A.B. asks: 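The structure follows.
As the structure is a prediction and not an experimental result, all values here were calculated from the model. Along the sequence shown, residues carry numbers from 1.
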Amino acid sequence: MEGLEHVRWHQQRELRNPVMVVAFTGWNDAADAASNALRSLVEGWNAELVASIDPDEYTDFGTIRPMVALRDGKREIRWPETAVWAASTPGVDVLLVLGPEPSLRWRSFAEHVVGIGQHYGTSLVLTLGALLADVPHSRPVQLIGTSTDSELTERFDLQPSTYEGPTGIVGVIQDTCSRLEVPSASLWAATPAYASSIPSPKAALALLRRATDLIGAPAPAGDLLRDLELYDSRVNELVAADDDLPGYVRRLETMMGDIAEDDEPIDTEDASEHLIEELEQFLRGQDPED
């Protein structure tokens, strides 16, 4: 297809005004929350691979290395490519995009991602991200949704995007959508900075539920729900093994107030303002104590 020379088309699907949901591993994906939310959508909706973006043009293989695997007794190289799946849910058709944050040629890469959406007539591009923040694992996940589109901001109760500073590929894709006049929005989840090495199904589940609610599709949350108890256990062990962490976590809990634990993300004005500050700090790469 013209303008998408680095896209490999695996099959064609008839889709009606699909929503494109996008996530990347790496800098935009604290505690693997965004990527695991996307994987859960792919698996839960039995999505089919329709396209992939050739990694040769966009990847520094010295940084993001291909993997060797055995298949039927033969060795094969698995390249870190960005894959695109399609699914039809009871509520809406969807395109699901997942891959590593590219190392090179971000503008061209973003145009390819959005171009695939345009090829299928996408009605909305929704990016997912996760950040490390001063939040406790024992409280509901804080989410922030942003958009530069005033209509989307009002319709979905999002925050206007006013951030200025360094950005990741998610920000570049949002900018590309704006330039190409494709409606777009972004969802971010906050994950505990003190448990950065532990993947958070809790944050992934919060992203998944908010995303599916926003686009009007069922939420395939089974695997993430099953992992919640193990996550709490692992983080509790991490906290208990450190002399300073128990007090730190209690201070974070106090800062957030006496909020009852449940599966729903926090959605208050104060929490949104706090998370916007955390998100801007994260994107700038600053230490919270600076």
A.B. asks: To the closest 0.5 Å, what do you measure between CG (Asp93) and OG1 (Thr122)?
C.D. replies: 10.5 Å
A.B. asks: Is there a path of hydrophobic side-chain contacts, each under 4.5 Å between heavy atoms of I/L/V/M/F/W/Y residues, joining Leu224 to Leu230?
C.D. replies: no
A.B. asks: Before giving the answer on side-chain contact (heavy atoms from CB on, under 4.5 Å), spell out for Val135 and Leu252 the whole-Å C-alpha distance, their side-chain angles and the decisive distance to 0.1 Å.
C.D. replies: CA-CA 6 Å; Val135 295; Leu252 293 179; 5.8 Å; no
A.B. asks: Short question: side chain of Asp29, backbone of Ala34 - any donor-acceptor pair under 3.5 Å?
C.D. replies: yes
A.B. asks: Between Arg179 and Glu111, does any NZ, NE, NH1 or NH2 come within less than 4.0 Å of an OD or OE carboxylate oxygen?
C.D. replies: yes
A.B. asks: Determine, for Glu151 against Arg155, whether the closest basic-nitrogen to carboxylate-oxygen distance falls under 4.0 angstrom.
C.D. replies: yes
A.B. asks: Any luck finding a side-chain donor-acceptor pair between Ser186 and Trp188 under 3.5 Å?
C.D. replies: yes
A.B. asks: Can you name the closest pair of heavy atoms from Gly121 and Pro18 and give their distance?
C.D. replies: O-CD, 3.7 Å
A.B. asks: Quick one: does Leu228's side chain get under 4.5 Å of Leu205's, heavy atoms only?
C.D. replies: yes
A.B. asks: Identify whether Val172 and Leu104 are in the same connected component of the hydrophobic contact network (ILVMFWY, side-chain heavy atoms under 4.5 Å).
C.D. replies: no
A.B. asks: May I ask you to decide if Lys74's main-chain N or O and Asp72's side chain share a donor-acceptor pair within less than 3.5 Å?
C.D. replies: no
A.B. asks: Stepwise, does the side-chain contact (heavy atoms from CB on, under 4.5 Å) test hold for Val113 with Ile173?
C.D. replies: CA-CA 8 Å; Val113 171; Ile173 286 178; 4.1 Å; yes
A.B. asks: Nearest 0.5 angstrom please: Ser52 OG to Leu98 CG, how far?
C.D. replies: 12.5 Å
A.B. asks: Does a side chain donor of either Ser35 or Arg39 reach within less than 3.5 Å of an acceptor in the other side chain?
C.D. replies: yes
A.B. asks: What's the spacing between Thr191 OG1 and Ile198 CD1 if we round to 0.5 Å?
C.D. replies: 11.0 Å
A.B. asks: Could you walk me through whether Thr153 and Gln159 pass side-chain hydrogen bond (donor to acceptor under 3.5 Å, both in side chains), step by step?
C.D. replies: CA-CA 6 Å; Thr153 300; Gln159 299 288 328; over 6 Å; no
A.B. asks: Is it true that, when you exclude Glu154 itself, more than 12 heavy atoms of the residues, nucleotides or ligands shown sit nearer than 6.0 Å to its CD?
C.D. replies: no
A.B. asks: So, do Ser103 and Ile64 sit near enough that their side-chain heavy atoms are less than 4.5 Å apart?
C.D. replies: yes
A.B. asks: Determine whether Leu152 and Leu124 make a side-chain contact, defined as any pair of heavy atoms from C-beta on separated by less than 4.5 Å.
C.D. replies: yes
A.B. asks: In plain terms, say whether Arg78 and Glu76 are close enough for a salt bridge, that is, a side-chain N and a carboxylate O under 4.0 Å apart.
C.D. replies: yes
A.B. asks: How close do Leu38 and Ala23 get, counting heavy atoms only, and between which atoms?
C.D. replies: CB-CB, 4.0 Å
A.B. asks: Considering residues, nucleotides and ligands other than Glu14, do more than 12 of their heavy atoms fall under 6.0 Å from its CD?
C.D. replies: no
A.B. asks: Under 3.5 Å, is there a donor-acceptor pair between the Tyr194 and His137 side chains?
C.D. replies: yes
A.B. asks: Would you say that Trp9 contacts Leu4 through its side chain, given a criterion of any heavy-atom pair below 4.5 Å between the two side chains?
C.D. replies: yes
A.B. asks: For a quick check under 3.5 Å, do Tyr58 and Ser108 share a side-chain donor-acceptor pair by atom type?
C.D. replies: yes
A.B. asks: Looking only at non-hydrogen atoms, find the nearest pair between Leu128 and Val170 and report the distance.
C.D. replies: O-CG2, 4.1 Å
A.B. asks: Checking side-chain contact (heavy atoms from CB on, under 4.5 Å) for the pair Thr176/Arg107: CA distance, chi angles, key distance, verdict?
C.D. replies: CA-CA 8 Å; Thr176 302; Arg107 285 179 294 184; over 6 Å; no
A.B. asks: If Ile, Leu, Val, Met, Phe, Trp and Tyr residues are connected whenever their side-chain heavy atoms lie under 4.5 Å apart, and connections chain through other members, are Trp79 and Val84 in the same group?
C.D. replies: no
A.B. asks: Given Met20, which of Ile116, Val94, Leu96, Ile215 fulfils the side-chain contact (heavy atoms from CB on, under 4.5 Å) condition?
C.D. replies: Ile116
A.B. asks: Between Asn36 (side chain only) and Asp32 (backbone N and O only), is there a donor and an acceptor less than 3.5 Å apart?
C.D. replies: yes
A.B. asks: List the steps and the verdict of side-chain contact (heavy atoms from CB on, under 4.5 Å) for Asn28 and Glu101.
C.D. replies: CA-CA 8 Å; Asn28 311 269; Glu101 183 176 63; 2.8 Å; yes
A.B. asks: Is it true that Glu253 and Ser138 share a donor-acceptor pair across their side chains at a distance under 3.5 Å?
C.D. replies: yes
A.B. asks: Please answer whether the main-chain N or O of Arg139 pairs with a side-chain N or O of Lys202 as donor and acceptor at a distance below 3.5 Å.
C.D. replies: yes
A.B. asks: So, Asp213 and Arg209, do they make that salt bridge, N to O below 4.0 Å?
C.D. replies: no
A.B. asks: Does the side chain of Ile169 come within less than 4.5 Å of Phe109's, by heavy atoms?
C.D. replies: yes
A.B. asks: Ser88 and Leu15: which non-hydrogen atoms are nearest, and at how many Å?
C.D. replies: OG-CD2, 4.2 Å
A.B. asks: Please examine the side chains of Thr212 and Leu41, heavy atoms only from C-beta on, and report whether any two atoms are closer than 4.5 Å.
C.D. replies: yes
A.B. asks: Please check if the number of heavy atoms outside Arg105 that lie under 6.0 Å from its CZ is greater than 12.
C.D. replies: yes
A.B. asks: Quick one: closest heavy-atom pair of Glu81 and Pro100, and the distance?
C.D. replies: O-CD, 3.8 Å
A.B. asks: Decide whether Asn236 and Tyr231 meet the rule of one side-chain donor and one side-chain acceptor closer than 3.5 Å.
C.D. replies: no
A.B. asks: Taking all non-hydrogen atoms of both residues, which atom of Thr167 and which atom of Gly171 are closest, and how far apart?
C.D. replies: OG1-CA, 3.2 Å
A.B. asks: Rounded to the nearest 0.5 Å, what separates atom CG in Leu95 from atom CZ in Arg13?
C.D. replies: 9.0 Å
A.B. asks: Below 4.5 Å, heavy atoms only, C-beta onward: do Ser123 and Val19 meet side chain to side chain?
C.D. replies: yes
A.B. asks: Does some side-chain heavy atom of Phe61 sit less than 4.5 Å from a side-chain heavy atom of Pro66?
C.D. replies: yes
A.B. asks: Using the ring centroid of each side chain, check whether His10 and Trp85 are separated by less than 6.0 Å.
C.D. replies: no
A.B. asks: Just verifying a value: how many Å separate His112 NE2 and His119 NE2, rounded to the nearest 0.5 Å?
C.D. replies: 13.0 Å
A.B. asks: State the CG-OG distance between Asp227 and Ser40, to the nearest 0.5 angstrom.
C.D. replies: 8.5 Å
